[in-house]
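This one's a predicted model, so the numbers in the text were calculated from it and none came from an experiment. In what follows, residues are counted from 1 in the order of the sequence shown.
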Amino acid sequence: MFHIYEGFNLVETYHKMRHQRKYHPEDSTKRFIKIALVIIVTLLLWNMPSEWYGIQNLTVIQQRIIAIFAFATLMWILEIVSSWATSVAIIVIMLLFCTDSGISPMVQEEEVGKLLSYKGVMATFADPVIMLFIGGFVLAIAATKTGLDAQLAKVLLKPFGIKSEMVLLGFLLVTGLFSMFVSNTATAAMMLTFLTPVFRQLPPEGKGRIALAMSIPVAANLGGMGTPIGTPPNTIALKYLNDPEGLNMGLSFGQWMMFMFPLVVVLLFISWRFLLKFFPFTQKTVELKIEGGMQKNSQTWIVIVTFIVTILLWLSDQFTGINANTVAMIPFAVFALTGVINKRDLEQINWSVIWMVAGGFALGYGLNGSGLAANAVASIPFGDFSPLLILFIGGAICYLLSNFISNSATAALLMPILAIVCGAMGDKLEPIGGTGTVLIGVAIAASSAMILPISTPPNALAFATGHVKQNEMAKMGIIMGIISMVLGFGIVYLMGTLKLI
């Protein structure tokens, strides 16, 4: 969706770098060891005596789900193949060995226990939350295709003038705003392109270039927290919070933004002050020259009107009765019927993220549909756990993993487990604001992970400019990550205790 930007070459370089790092010929032995480890652990969990698990009435199907969950965890953490490929494998393994359309000798219900519905497993790819993702991608594609995003950037950055410190604040706020509705990778590529002529104006001996380059990943990562579609962990959390067969909390798009949008704005201002402290400008003024702009035709106006209507419907879903997932399909239909997007544009949808999320949903369906979740709740005394311990452990694990693997994969692993734990704890979570505090807190932790160049695509893109060193990124990432989680957990706790979520 962002091929028109010069910054797209950074995206391609990033993906090539990651591919070479994972599949370099010299690492073939290491990769073989990883594959062997995954196979051994999966087969061990698949075939070990069921009584070893300590879960009452564990069926063969439930044991297989545990093994598949371990397979997914290891594959995502070790990054043996792409995250989306692992998700496809999860769905296929579940279909073959755990459903009513599996391999006959392996799925005799009287021997292996309650089977999953193959339709239910396949339906995870068409979950309503997946439609929310697709709607967000379509909006971003249409905005880029018509030049609306570049025009908006021009208009929004202009009021910040030419004073270096204010230009930095402008890039932080505009990048943060864009990443609430557009992929953070696309946002980072676009904004770094706009910064290229600015870099040339700044003296190489100063630190202004570092501040501007760092502002993009920091704002893109933090900005994604502002809306349910800003980043995959948010949408995954929303799915489990609103699942009619699960927690069924009915958290709306507008409710999410009511407390997360102000949090993002505060975090962006805090990051502005830290960037100026660590990387002060020696040149007091810079002149912005942003090329490109909005196409002046009927399609552009269709995109503008549709964008406004979609956002208004998202924010007023409690009044209109149209949930966010349904609203997300409106721009898809409008743009398809009016020719704003065509079949080639659909290729720009980030299908790998959608498959990644679908695999996580399949794991969640397996845990619940097989009865494993109910058995685990009956066998493990979740009600005796400390609410604060659950919150801090969940947040810490998510933060640590998200610095090294996809935050989508991390959320896909943790959310179904935490949804089960929170459901079992019931009123025990009231002192910390309820289930929403835990699941939204984990989503915040996922977006707060930005220590390394490999932590997020925006980090990698900024690092690829050559203006940011790894230790500089780590220092800023650690400080803003801690502040983000402390403030984020605090505001979610407050909203929970006030019964606003």
Side-chain angles (χ1 to χ4, degrees), residues 1-5 7-8 11 125-156 174 177-187 189-191 193-194 223-224 226-232 235 238 252-254 257 290-355 357-358:
M1 72 181 72
F2 39 85
H3 287 75
I4 64 170
Y5 301 122
F8 181 68
V11 183
F125 188 76
D127 188 279
V129 172
I130 297 292
M131 299 303 113
L132 184 59
F133 266 116
I134 291 176
F137 286 137
V138 166
L139 277 173
I141 291 168
T144 300
K145 188 175 180 181
T146 58
L148 177 61
D149 51 0
Q151 186 66 32
L152 275 173
K154 277 185 182 180
V155 172
L156 293 173
V174 172
L177 177 65
F178 272 51
S179 63
M180 292 182 192
F181 299 96
V182 180
S183 150
N184 61 7
T185 309
T187 299
M190 177 179 72
M191 299 306 286
T193 299
F194 296 158
T227 66
I229 64 168
T231 183
T235 315
L238 198 68
S252 71
F253 197 104
M257 286 196 70
I290 298 178
E291 297 180 359
M294 184 174 63
Q295 299 174 15
K296 297 179 179 179
N297 54 36
S298 59
Q299 289 192 343
T300 301
W301 284 107
I302 290 171
V303 173
I304 292 172
V305 172
T306 305
F307 214 109
I308 293 170
V309 169
T310 301
I311 292 174
L312 288 175
L313 287 173
W314 269 333
L315 295 176
S316 60
D317 49 1
Q318 285 190 309
F319 304 103
T320 63
I322 311 172
N323 66 39
N325 308 320
T326 302
V327 172
M329 297 304 294
I330 294 174
F332 201 169
V334 172
F335 296 155
L337 290 171
T338 56
V340 172
I341 60 171
N342 53 44
K343 62 181 181 181
R344 290 188 180 276
D345 295 322
L346 294 182
E347 296 172 6
Q348 302 303 318
I349 291 177
N350 197 337
W351 294 106
S352 62
V353 169
I354 292 174
W355 275 111
V357 173

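Side-chain contact between Thr235 and Val129 is present, with at least one heavy-atom pair separated by less than 4.5 Å. Within the 4.5 Å cutoff, the side chain of Val340 has no heavy atoms near those of the Val334 side chain. Taking 4.5 Å as the limit, every side-chain heavy atom of Leu238 sits out of range of all side-chain heavy atoms of Phe253.
Scanning both residues, Phe307 and Ala143, for their nearest heavy atoms gives CE1-CB, 4.3 Å. The minimum heavy-atom distance between Pro232 and Val357, with the atom names listed, is CB-CG2, 4.3 Å. Closest approach of Phe178 to Ala153, counting heavy atoms only: CZ-N, 3.8 Å. The shortest heavy-atom contact between Gly224 and Ser179 is N-OG, 3.5 Å. When all heavy atoms of Val182 and Ala140 are compared, the pair lying nearest together is CG1-CB, 3.8 Å. Closest of all the heavy-atom pairs between Ala324 and Asp317 is N-OD2, 4.2 Å.
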Could you walk me through whether Ile349 and Phe133 pass side-chain contact (heavy atoms from CB on, under 4.5 Å), step by step? CA-CA 9 Å; Ile349 291 177; Phe133 266 116; over 6 Å; no
Worked check of side-chain contact (heavy atoms from CB on, under 4.5 Å) between Thr338 and Gln299: CA-CA 8 Å; Thr338 56; Gln299 289 192 343; over 6 Å; no
Decide side chain to side chain donor-acceptor pair (under 3.5 Å) for Thr326 and Asn323; before the verdict, give the C-alpha distance in whole Å, the side-chain angles of both, and the deciding distance to 0.1 Å. CA-CA 6 Å; Thr326 302; Asn323 66 39; 3.1 Å; yes
With side-chain contact (heavy atoms from CB on, under 4.5 Å) as the test, would you mind laying out the steps for Val138 and Ile341 before giving the verdict? CA-CA 8 Å; Val138 166; Ile341 60 171; 3.8 Å; yes
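For Phe125, the ring pair (Phe, Tyr, Trp, His ring centres under 6.0 Å) partners at least two apart in sequence or on another chain are Trp355. Considering only residues two or more places apart in sequence or on other chains, Thr310 meets the side-chain contact (heavy atoms from CB on, under 4.5 Å) condition with Leu139, Thr306, Trp314, Val327, Pro331. Under the salt bridge (Lys or Arg N to Asp or Glu O under 4.0 Å) criterion, Asp345 pairs with Lys145, not counting sequence neighbours.
Atom CG of Leu148 is separated from atom CD of Gln151 by 8.0 Å, given to the nearest 0.5 angstrom. The line from CZ of Phe332 to CG of Leu337 is 10.5 Å long, rounded to the nearest 0.5 Å. Residue Met191 holds its CE atom at 10.0 Å from CG of Asp149, rounded to the nearest 0.5 Å. For the atom pair CD1 (Ile304) and OG1 (Thr146), the distance works out to 7.0 Å, reported to the nearest 0.5 Å. The distance from atom OG1 of Thr227 to atom CE of Met180, rounded to the nearest 0.5 Å, is 7.0 Å. Annotation: the span from Glu347 atom CD to Ile141 atom CD1 amounts to 10.0 Å, rounded to 0.5 Å.
Using a distance-only test at 3.5 Å, with no hydrogens or angles considered, no donor-acceptor pair links the side chain of Asn184 to the main chain of Thr187. A donor-acceptor pair under 3.5 Å is absent between the side-chain atoms of Ser316 and the main chain of Phe319, judged by distance alone. Without hydrogens or angle criteria, Ser252 side chain to Gln318 main chain gives no donor-acceptor distance under 3.5 Å. Within the 3.5 Å criterion, the main-chain N or O of Gln295 finds a donor-acceptor partner in the side chain of Thr300.
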